[in-house]
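The structure appears below as structure tokens.
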Amino acid sequence: MTADSTGTGTGASSRRDVLLAGAGLAGGALSGCLTRVDGDVGDGLSGSIAIAGSSTVFPLMSAMAEEFRREHPDVSIDISRTGSGGGFSNFFCVGDTDFNNASREIQPEEEELCASNRVEPVEIRVATDALTVIVNNEAGFVDCVTVEELQQIWGPDAVSRWSQVRDDWPDAEIQRYGAAETSGTFDYFSMAINGEEGAHTSDYQATERDNDIVTGVTGNQYAMGYFGFSYYYSNPEQVTALQVDHEGGGCVGPSLDAAAAGEYTPLSRPLFTYAAKDALAREPVAEFARFVVEQSGRQELVADAIGYVPLNDEQQAEQRDTVEKAIEEVQQ
């Protein structure tokens, strides 16, 4: 089951039903900021794994953890969504977690912090996202925005009213909902739209809880928000996803097909988890890293259940080589 060209329309309810039906697989993870996955029957592999980081990657990693636990019920996995940056600075790079999920690449200052604590990050790509801009379903005056218009709405000197962007838009205040500054989504969105990480209006409701963005936009006709495509994928009837026109190339809606084809720009982006290399010396961590790579190519999990683009065969082979090399180096 795949999304159509706009991520809406045919099959939208079915997609949501699939996601909800998979509550045992991912739904519980979507509802809270901390998920602990425990089992009750052992198979020989045991131990604990700690994961923090991106709220965008959170539903995918939670689903993978649940699947892993079906095979290895004596392994406990704690996953928290702290934002990519919050996870790197507060947990991963100080040696408190084994993995850090990230919706953008690790930054130089984070690598320096990791190095100062002798933590070596191993980058593992897990999917591709179509970062999605949403509006209220009653905002029928807008269905496509240019990148320049998004700059006016989300830049450091953002306008306050819709009519300041286009004359024929309502003379109404724009209510904005977006990612917190600790989020990789905040970093990626500000760079992709405004050309610089952190170049972002402060006049908005910031949150690490993407469902709060859905609630905020649903509650105000003149609201706008943004988050990972997975959260739109699970709320296709509650909000409207906007198409984006980049450099006059025409309006393209967020969808798995458009993201995979490189047509949804500039808001398609890779998603990652980073493993602490030394932690891969522990067998549960190594096995989970291998499992993540294998699951990252599964259409029915990554795309159909969660709403991201799976890795293709070539990408998956590259990640497999990276993980096996790192494991071999620390388990010699």
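Considering only heavy atoms from C-beta on, V126 comes within 4.5 Å of V292 through its side chain. In this structure, N90 and V94 have side chains that are not in contact, with every pair of non-hydrogen atoms separated by 4.5 Å or more. Using a 4.5 Å cut-off on side-chain heavy atoms (C-beta onward), Q243 and Y264 make no contact. The closest side-chain heavy-atom distance from D98 to F288 is not below 4.5 Å. For the pair R81 and R209, the minimum side-chain heavy-atom distance is below 4.5 Å. Counting only heavy atoms from C-beta outward, the side chains of I213 and T207 approach each other to under 4.5 Å. In this structure the side chain of L311 reaches within 4.5 angstrom of the side chain of Q319, judged on heavy atoms. Here the side chains of V133 and L267 are in contact, with some heavy-atom distance below 4.5 Å.
Applying the side-chain hydrogen bond (donor to acceptor under 3.5 Å, both in side chains) criterion to E110, with sequence neighbours excluded, gives R104. In terms of the ring pair (Phe, Tyr, Trp, His ring centres under 6.0 Å) criterion, residue partners of F291 (sequence neighbours excluded) are, by chain and number, F68. For D203, the side-chain hydrogen bond (donor to acceptor under 3.5 Å, both in side chains) partners are R176, not counting sequence neighbours. Listed by chain and residue number, E67, Q295, E300 satisfy the side-chain hydrogen bond (donor to acceptor under 3.5 Å, both in side chains) test with R298 (two or more places apart in sequence, or in another chain). With sequence neighbours left out, E263 forms a side-chain hydrogen bond (donor to acceptor under 3.5 Å, both in side chains) with no residue at all.
Residue pairs meeting the salt bridge (charged side-chain N to carboxylate O under 4.0 Å, His left out) criterion with at least one partner in residues 264-277, sequence neighbours excluded, are E120-K277, D129-R269, K277-E329. Pairs passing the disulfide bond (SG atoms under 2.5 Å apart) check and including a residue from residues 303-332, sequence neighbours excluded, do not occur. Applying the salt bridge (charged side-chain N to carboxylate O under 4.0 Å, His left out) rule to pairs touching residues 138-151 yields E149-R166, sequence neighbours excluded. Residue pairs meeting the disulfide bond (SG atoms under 2.5 Å apart) criterion with at least one member in residues 269-332, sequence neighbours excluded, do not occur.
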Extract all donor-acceptor atom pairs below 3.5 Å that involve side chains of residues 150-160 and protein atoms in other chains or at least two apart in sequence.
unit_1, atom_1, unit_2, atom_2, d
Q151, NE2, I193, O, 2.9
S160, OG, Q164, OE1, 3.2

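With hydrogens and angles left out, the side-chain atoms of D245 and T146 include no donor and acceptor closer than 3.5 Å. Between the side chains of E197 and Q107, at least one donor N or O sits under 3.5 Å from an acceptor N or O. At a cut-off of 3.5 Å, with distance as the only test, a side-chain donor of D171 or S163 sits close to an acceptor on the other residue. With hydrogens and angles left out, the side-chain atoms of Q238 and N137 include no donor and acceptor closer than 3.5 Å.
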Let me see the working for M224 and I134 under side chain to side chain contact (heavy atoms under 4.5 Å, CB included), right down to the final yes or no. CA-CA 6 Å; M224 176 183 281; I134 59 169; over 6 Å; no
Apply salt bridge (Lys or Arg N to Asp or Glu O under 4.0 Å) to E318 and R125, showing your working. CA-CA 9 Å; E318 291 176 0; R125 181 169 177 171; over 6 Å; no
So Q175 and Q205, side chain to side chain contact (heavy atoms under 4.5 Å, CB included) or not? Walk me through it. CA-CA 8 Å; Q175 298 290 324; Q205 294 292 318; 5.9 Å; no
For Q332 and E328, run side chain to side chain contact (heavy atoms under 4.5 Å, CB included): C-alpha distance rounded to whole Å, both residues' side-chain angles, the deciding distance at 0.1 Å, then the answer. CA-CA 6 Å; Q332 285 181 339; E328 181 179 351; 4.3 Å; yes
Apply side chain to side chain contact (heavy atoms under 4.5 Å, CB included) to Y233 and Y308, showing your working. CA-CA 9 Å; Y233 192 73; Y308 294 135; over 6 Å; no
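At a threshold of 4.5 Å between side-chain heavy atoms, the hydrophobic network of Ile, Leu, Val, Met, Phe, Trp and Tyr places V142 and L131 in one connected group. At a threshold of 4.5 Å between side-chain heavy atoms, the hydrophobic network of Ile, Leu, Val, Met, Phe, Trp and Tyr places V147 and M191 in two separate groups. Connection of M64 to L45 is established within a shared hydrophobic cluster, with ILVMFWY side chains joined at heavy-atom distances below 4.5 Å, either directly or through further cluster members.
Residues V244 and T265 approach most closely at CG1-O, 4.1 Å, considering heavy atoms. Of all the heavy atoms in G47 and P284, the pair that sits closest is CA-CG, 4.2 Å. Between A65 and I77 the shortest heavy-atom distance is CB-CD1, 3.8 Å. Across all non-hydrogen atoms, the minimal contact from F99 to A275 is CE2-CB, 3.5 Å. Across A199 and N194, no two heavy atoms sit closer than the pair O-ND2, 2.7 Å. Here the closest heavy-atom approach between residue A179 and residue A206 is recorded as O-CB, 4.1 Å.
Of the listed residues (T182, T56, T185), just one forms a side chain to side chain donor-acceptor pair (under 3.5 Å) with E208, and that residue is T182.
The closest donor-acceptor contact from the side chain of Y188 to the backbone of S183 lies at 3.5 Å or more, if one exists at all. Panel note: side chain T273, backbone I124; no donor-acceptor pair is recorded below 3.5 Å. A donor-acceptor pair under 3.5 Å is absent between the side-chain atoms of E123 and the main chain of E105, judged by distance alone. Checked by atom type and distance alone, the side chain of D210 never pairs as donor or acceptor with a backbone atom of Y231 at under 3.5 Å. At least one donor-acceptor pair under 3.5 Å links the side chain of S190 to the backbone N or O of G198.
Taking a 6.0 Å sphere around CG of D168, one finds it holds more than 12 heavy atoms contributed by other residues, nucleotides or ligands.
One distance of note links OG of S255 with OH of Y232; it measures 10.5 Å at 0.5 Å rounding. In this structure, the separation between CG on N136 and OG1 on T218 is 6.5 Å, given to the nearest 0.5 Å. Atom OG1 of T97 is separated from atom CD1 of I51 by 9.0 Å, given to the nearest 0.5 angstrom. Atom CD in Q331 sits 5.0 Å away from atom CD in E283 (nearest 0.5 Å). I306 contributes atom CD1, which lies 9.0 Å from atom OG of S234 (distance to the nearest 0.5 angstrom). Put simply, OG on S296 and CE on M61 are 9.5 Å apart, with the number rounded to the nearest 0.5 Å.
Connectivity analysis of hydrophobic side chains (ILVMFWY, heavy atoms under 4.5 Å, direct or indirect) links F91 to nothing; its cluster partners are none. Cluster partners of V119, using a side-chain heavy-atom cutoff of under 4.5 Å among ILVMFWY residues and allowing indirect links, are F88, F92, I106, F272, Y274.
A centroid separation of 6.0 Å or more is found between the aromatic rings of Y177 and Y226.
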